Amino acid sequence: MSEQNFAGNARKSVIYIILVATFIVIFLRLFQMQILEYEFFNDKSISNSIKAIEQTPLRGVFYDRNMHIVVGNVPAYTLRITPAEYNKKLNRTLEAVIGEEPGYIDKILYENRIYSKFVPIRIKRGIDFKAVSWLEENAEHLPGVDYIVEMQRDYPAGIRGSHIFGYTKEISPKLLEKYKDIYKPGDYIGYTGIEKAYENILRGKKGYDYVLVDARRKEIGKFKDGKDDVPSIKGNDLVLTIDEDVQRVAEQELKGYSGAAVAIDPKTGEILAMASAPDYDLSEFSYVTSQDYLKKLFEDPKKPFFNRATQSANPPGSTFKLMEAICALNTNVIDTNTTFTCLGGQTFYGRYFKCDARHGTLNVIHAIEHSCDVYFYNLIYKIGMDRWYEYAKKFGLGQVTHIDIGDEAKGFIPNAEYYVHRYGEDWPKSIMASLGIGQGEVNVTPIQLAQYAALIANDGVTYTPHLVRGYLTNDTKKLVPFSFKQINLGINKRIFNIVKEGMYLVVNGSGTAAGIKSKDIVIAGKTGTAQNPHGKDHAWFIGFAPFDNPKIVVAVLVENVGFGATYAAPIAKKMIEAYLEKDKFQKDEQMEQKNFDNNLMGAKIEN
Amino acid sequence: MRIDYKLNDKFDLGLIIPGFLLFCIGLVAIYSSTLHNPHAAGNFHKQLVWGIGALIAFFIVYSIPTNLLKPAAIPSYILSIIMLIVVLAIGKRVNGAKSWLGLEGLGFQPSEFAKLGTIMAISYFLSRQNTNLESFKDILITLAIGLIPVSLILAAPDLGTSFVFFGLILALLFWKGISTFGLFIVLSPGIVAVSSLFGTYYLIGCLIAVIICLIIFKKDIFFSGAIFALNIGAGFFTNYVYGILKEHQQARIKSFINPWADPLGAGYNSIQAKVAVGSGGFLGKGFLAGNQTQLQFIPEQWTDFIFCVIGEEFGFIGSIIVLALFMYLFLRIFKLASSSKDEYLSLVIVGILSVYFIHLLINIGMVVGIMPVIGIPLPFMSYGGSSLVVNLIMLGVVANVYRTRKNYT
């Protein structure tokens with residue numbers, strides 16, 4: 001055994017170099033990872049183990065003009081499943097617990113398959129308390145199953161407001177694609193009415209709680225004890241312009257009919273009530289809407305989803321005469337001394353047009369009072385097509401009012417051009433006689449007629465009709481009002497007074513709506529009957545009160561009932577009373593409640 | 001002063017202090033990584049107990065007469081082989097490999113002990129007076145001594161440990177003084193085998209390189225042909241073995257080639273380990289404050305991924321301290337091997353060093369992403385009794401040689 005040859009110096013050096021080089025390589029690699037690429041790995045590490053949990057903000061509630069809550073929030077339970085942790089063997093059991101058909105859970109999981117398996121999916125909202133307690137008891141055998149408390153809409157005032165409040169719904173994939181920065185799958189979004197129009201204000205801002213998760217994405221605790229959490233910001237509450245009582249009356253009075261009723265404060269354009277019948281129960285939309293209920297609504301031939309107040313366009317009938325009178329007076333075609341003689345009918349351009357009665361000789365005021373057709377047949381020929389068209393447009397008829405909830409029909413006002421286009425240069429001028437009494441191709445919506453009535457009542461000045469006054473700040477609950485466009489026709493008050501005198505007589509003289517004369521409130525108005533090719537005539541009434549200082553105008557449409565004064569005017573009267581005689585109205589309600597209670601007590605005693 | 005001198009003279013503090021410090025740092029890391037894991041909650045205490053046992057084993061080995069180390073070689077080797085066979089027959093399966101013997105409730109891995117047995121046996125053979133590495137036969141005998149335990153370990157199958165054996169065989173041959181050509185014969189089939197895993201083009205490239213080397217060495221044509229045939233065989237045999245490997249083992253090899261290809265599957269550990277170390281930064285996130293560690297992103301981190309805990313919670317500084325301790329220890333051992341005049345003892349020490357070194361290289365290399373994910377523990381630090389005991393027994397051998405170095409140097 002030689003002492004030197006088993007490990008020569010060269011071999012020692014090789015091993016020495018391998019040893020030292022290895023340490024240098026690892027050292028450099030650590031330097032690269034921990035110093036140079038630190039930020040890259042740190043970001044990875046943070047996103048690895050910190051999960052942001054979205055906090056859904058409370059949606060703003062609706063107050064009516066008297067600060068009574070008409071749309072609120074109530075807690076409801078939602079069942080969720082996290083697919084990554086869930087075992088599909090539980091499907092049948094869970095479906096039985098929440099009262100759904102077999103296959104229900106699979107269907108929802110399939111619909112949500114494109115989202116992360118670690119994000120809980122809402123399976124059913126509004127599960128009952130029995131189901132919640134069952135989930136609570138069996139929690140340990142239900143991996144990936146949980147429930148959360150979510151706020152759902154509630155309608156505590158007992159008014160339906162189906163078409164004005166609108167409903168919220170889980171966001172559709174199409175909208176989600178459009179607003180993917182703001183919404184996530186399963187978020188609720190305003191779909192109709194005020195909920196839709198004021199979505200931006202109502203929804204608030206999402207918050208985020210940061211939690212630590214382990215490698216299986218299981219929550220372990222708060223990140224930095226919640227120091228970095230972003231609290232959610234509650235949506236702003238809206239103050240509506242509607243009056244709970246007027247709205248309730250409108251809804252109740254329209255029950256059983258098809259029609260619409262709109263009440264406006266003429267000085268501000270604030271909508272005091274807007275009802276459309278038939279309507280539907282919004283609380284059915286708070287949770288997952290039952291398919292049966294939806295089917296019933298969609299198959300109803302009267303189309304409950306259709307907001308007749310803004311979307312139905314019908315001939316205005318005699319209510320149109322007021323515009324013609326103003327037009328004629330303002331353009332000096334007539335004055336109060338100008339008369340026409342009604343012999344029960346008259347021939348224009350070879351066609352005979354009837355009137356309801358032989359009114360004899362009357363001026364514009366009495367022509368309005370009695371709604372004399374002959375007078376207005378003559379008048380339109382005096383005014384001419386162009387001015388007639390111009391004034392109809394001036395009053396906002398046949399065009400959208402730009403009401404804040406949108407979804408309006410335009411309606412239609414024909415002009416000479418339209419008839420030339422349709423019949424040629426020598427179109428039958430007899431058509432104009434029909435137009436003169438608001439029939440034929442003229443089509444207006446109830447909201448347009450309400451705005452029209454507001455312009456007359458307030459002497460040619462009002463604001464764009466709207467349902468929302470403003471929103472409340474979250475901290476101080478101060479009202480931040482929205483501004484709305486003023487409409488000013490620039491027509492002398494004198495002219496409105498003439499027309500209003502006629503409207504006064506309609507109710508308080510021997511006019512067409514004398515039936516709604518009230519001893520406490522002086523109401524003025526105008527009836528209308530819209531001819532309807534599909535059945536009985538539609539009844540119109542527009543009116544305002546009090547006569548001296550109009551605080552409310554009303555436009556009512558009742559479809560397929562016949563004469564306006566009989567059906568539409570009494571509804572308008574009740575709405576006016578509900579608004580102007582609030583004290584009395586409320587007293588009546590309290591009395592009724594008392595009587596009801598007394599009866600109950602009586603019944604008990606008898607037992 | 002005199003006592004101090006004597007202590008240092010007989011007992012190398014330069015060996016035991018780094019080893020002890022590494023064990024302590026390992027304990028800290030085990031504590032941190034098992035704190036929130038209900039299945040591993042007792043591991044800190046178990047490791048502490050193992051540590052005491054290992055220390056006793058260290059002193060026993062340290063104290064035995066040095067001249068007993070050589071006669072113990074063959075019995076140790078035979079005992080190792082028997083235990084490896086027994087474990088294959090009746091052992092329990094842990095993590096897919098049948099390499100554990102149940103012993104009074106404590107797990108025990110014969111393959112750990114087989115490392116020392118094999119080192120001693122090969123050293124014994126190589127240090128025989130008439131062993132000549134110029135002879136092809138002696139090389140083959142050396143390989144055979146090593147490959148018997150390797151084949152038993154591969155049958156378990158425990159890929160990681162068999163790598164350690166290849167390494168120690170190579171180190172011993174090199175230290176003994178194998179010629180460059182001999183090294184080429186031993187090494188080239190290995191390189192060809194590994195290259196075949198990367199694909200056909202790599203395999204062909206390597207085989208061409210082998211041909212070029214054979215031409216340069218200018219050995220006779222039949223011998224060169226035989227060597228080349230051996231290389232081709234190694235390449236195809238590896239492909240065959242890869243084919244019969246368990247799926248999770250194939251996945252590990254694949255994930256080394258591209259860990260990001262399957263980030264939630266086989267590449268997961270590798271990525272999470274790198275994220276843990278990289279996100280530690282310069283100073284680290286602090287003890288018990290590493291989110292990767294505390295939130296259990298890396299499975300069984302206290303065993304093969306213990307270095308992640310250091311990297312994440314103690315940062316670059318902590319990692320460098322650990323590296324420095326290892327390097328100091330290794331150079332210290334190497335110095336002793338270089339200065340030892342007894343060939344057998346010198347070979348044993350180099351063998352032990354090579355085992356430590358390969359463990360460190362593969363383990364830390366795996367954690368920092370420059371080595372494939374091969375599950376072998378980090379010496380002194382990883383949780384695991386057999387590994388700790390064997391490492392300290394080996395350190396005891398080294399210390400024993402140091403104690404009596406004057407008799408042999």
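As the structure is a computational prediction, the values presented were derived from the model and not from experiment. The chains referred to below are lettered A, B, ... by the order of the sequence lines, with proteins before strands, and numbering in each begins at 1.
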Residue Ile364(B) versus chain A: region with a heavy atom under 4.5 Å: side chain

Steps toward side chain to side chain contact (heavy atoms under 4.5 Å, CB included) verdict (Phe41(A), Gln292(B)): CA-CA 11 Å; Phe41(A) 286 113; Gln292(B) 296 280 118; over 6 Å; no

Centroid separation Phe326(B) to Phe23(A) less than 6.0 Å: no

Atom OH of Tyr86(A) with >12 non-hydrogen neighbours under 6.0 angstrom: yes

Interchain contact, Leu133(B) with chain A, by part (heavy-atom threshold 4.5 Å): neither

Residue Phe357(B) versus chain A: region with a heavy atom under 4.5 Å: side chain

Crowding at NZ, Lys206(A) (>12 non-hydrogen neighbours, <6.0 Å): yes

Interface moiety of Phe307(B) toward chain A, non-hydrogen atoms closer than 4.5 Å: side chain

Arg128(B) atom CZ, neighbour heavy-atom count above 12 within 6.0 Å: yes

Winner by heavy-atom pair count (cut-off under 4.5 Å) against chain A, out of Ser354(B), Ser319(B), Gly280(B): Ser319(B)

Backbone N/O of Phe174(B) and side chain of Arg11(A): donor-acceptor pair under 3.5 Å: yes

4.5 Å side-chain heavy-atom contact, Trp175(B) and Lys12(A): yes

Between CE on residue Met327(B) and CD1 on residue Ile24(A), distance to nearest 0.5 Å: 7.0 Å

Rounded distance (nearest 0.5 Å) linking atom CZ of Phe282(B) with atom CD1 of Ile35(A): 5.5 Å

From CZ (Phe40(A)) to OG (Ser279(B)), nearest 0.5 Å: 11.0 Å

Distance-minimising heavy-atom pair for Lys285(B) and Ser45(A): NZ-OG, 3.0 Å

Phe181(B) atom CZ, over 12 foreign heavy atoms within 6.0 Å: yes

Aromatic ring pairing Phe31(A)/Phe316(B), orientation class (parallel under 30°, perpendicular over 60°, tilted between): perpendicular

Max heavy-atom pair count under 4.5 Å with chain B, selected residue of Leu19(A), Thr22(A), Ile26(A), Leu30(A): Leu30(A)

Met371(B) CE to Arg29(A) CZ distance, which is reported to the nearest 0.5 Å: 12.0 Å

Rounded distance [0.5 Å steps], CD1 in Ile320(B) versus CZ in Phe27(A): 4.5 Å

Neighbour count above 12 (heavy atom, 6.0 Å) for Tyr179(A) OH: no

Segment of Ile18(A) engaging chain B (4.5 angstrom heavy-atom cut-off): both

Flag, side chain of Gln34(A) to backbone of Val277(B), donor-acceptor distance under 3.5 Å: yes

Neighbour count >12 (heavy atoms, 6.0 Å) for atom CZ, Phe163(B): no

Under 4.5 Å from a heavy atom of chain A, the part of Ile178(B) involved: both

Within 6.0 angstrom of Glu39(A) CD, more than 12 heavy atoms from elsewhere: no

